[in-house]
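Please read all numbers here as calculations on a predicted model, not as lab measurements.
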Amino acid sequence: RRQAARKEERALPPTTMQAQIKVDDLDKKSRAEVQQYLQEQQQNAQVQAILSKITEMCWDKCVAKPGKDLTDTEKTCIANCSERFLDTSMFVAARIQGKMKPKK
């Protein structure tokens with residue numbers, strides 16, 4: 001029984017502290033690569049979240065009764081809805097970025 005318990009302990013994923021120690025042991029280049037990878041994964045997650053939100057919002061707005069295929073009206077509505085959402089998001093992001101810049 002004790003041997004089985006020890007095997008289970010070894011099979012467990014590292015804790016955050018253990019993972020941090022391993023990252024701290026990396027050289028500067030490897031640490032930068034890990035940071036780059038994590039930033040890319042975070043960006044991918046953000047893109048997926050936005051796409052999911054657009055899909056849900058535009059589907060609910062444009063498709064009253066799902067059928068075998070989307071109608072031309074539904075396709076147009078979804079395209080317009082998605083474009084408006086993206087345009088608005090980019091506008092808001094630009095405004096926020098503009099307000100964050102120091103005034104001269």
Side-chain angles (χ1 to χ4, degrees):
R1 283 186 159 175
R2 288 184 183 172
Q3 287 178 346
R6 288 182 187 153
K7 284 182 182 177
E8 285 180 31
E9 286 176 10
R10 283 187 230 138
L12 294 175
T15 63
T16 305
M17 180 72 102
Q18 291 168 330
Q20 183 65 38
I21 291 168
K22 289 180 181 180
V23 170
D24 289 343
D25 290 344
L26 296 174
D27 61 44
K28 196 173 189 176
K29 180 182 177 194
S30 297
R31 201 173 306 147
E33 289 172 354
V34 168
Q35 286 178 330
Q36 177 67 29
Y37 173 78
L38 292 175
Q39 287 175 344
E40 289 170 5
Q41 292 304 309
Q42 186 178 20
Q43 288 173 343
N44 288 341
Q46 289 172 340
V47 167
Q48 289 299 321
I50 290 169
L51 289 175
S52 179
K53 184 174 182 175
I54 291 171
T55 300
E56 181 180 353
M57 181 181 66
C58 294
W59 180 269
D60 290 346
K61 178 181 180 352
C62 299
V63 182
K65 294 181 182 179
K68 182 180 176 184
D69 295 316
L70 293 174
T71 66
D72 288 340
T73 303
E74 290 168 334
K75 289 177 187 177
T76 302
C77 178
I78 289 171
N80 289 336
C81 176
S82 300
E83 288 175 24
R84 279 195 313 273
F85 183 88
L86 291 172
D87 287 345
T88 302
S89 296
M90 289 171 51
F91 173 78
V92 169
R95 291 285 300 204
I96 290 171
Q97 210 170 33
K99 288 187 177 208
M100 292 176 71
K101 289 183 181 178
K103 295 181 180 180
K104 294 181 180 180

Next item on the list: Evaluate whether atom CD of E40 has more than 12 neighbouring non-hydrogen atoms of other residues, nucleotides or ligands under 6.0 angstrom away.
Entry: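 Yes, because the 6.0 Å sphere around CD of E40 holds more than 12 heavy atoms from other groups.
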Check: Is it the case that more than 12 heavy atoms not belonging to Q41 sit under 6.0 Å from its CD atom?
Finding: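 Yes - once you tally the heavy atoms of other residues, nucleotides and ligands closer than 6.0 Å, there are more than 12.
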Next item on the list: State, without any angle test, whether Q35 and Q39 hold a side-chain donor-acceptor pair at a distance under 3.5 Å.
Entry: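 Result is no, nothing qualifies.
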Check: Atom CD of E74 and atom SG of C81: how far apart are they, to the nearest 0.5 Å?
Finding: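 That separation rounds to 13.0 Å.
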Item checked: Interatomic spacing from OG in S89 to CZ in R84 - rounded to 0.5 Å ->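 Nearest 0.5 Å value for the OG-CZ distance: 12.0 Å.
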Note to self: Just to verify, which of I50, L51, N44 counts as forming a side chain to side chain contact (heavy atoms under 4.5 Å, CB included) with V47?
What the structure shows: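 When side chain to side chain contact (heavy atoms under 4.5 Å, CB included) is applied between V47 and each of I50, L51, N44, only L51 qualifies.
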Checklist line | S52 side chain vs Q48 backbone, donor-acceptor pair below 3.5 Å | finding: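 Not a single qualifying donor-acceptor pair exists.
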Next item on the list: Indicate the atoms forming the closest heavy-atom contact of C62 with I78, along with that distance.
Entry: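 So the minimum-distance heavy-atom pair works out to SG-N, 3.5 Å.
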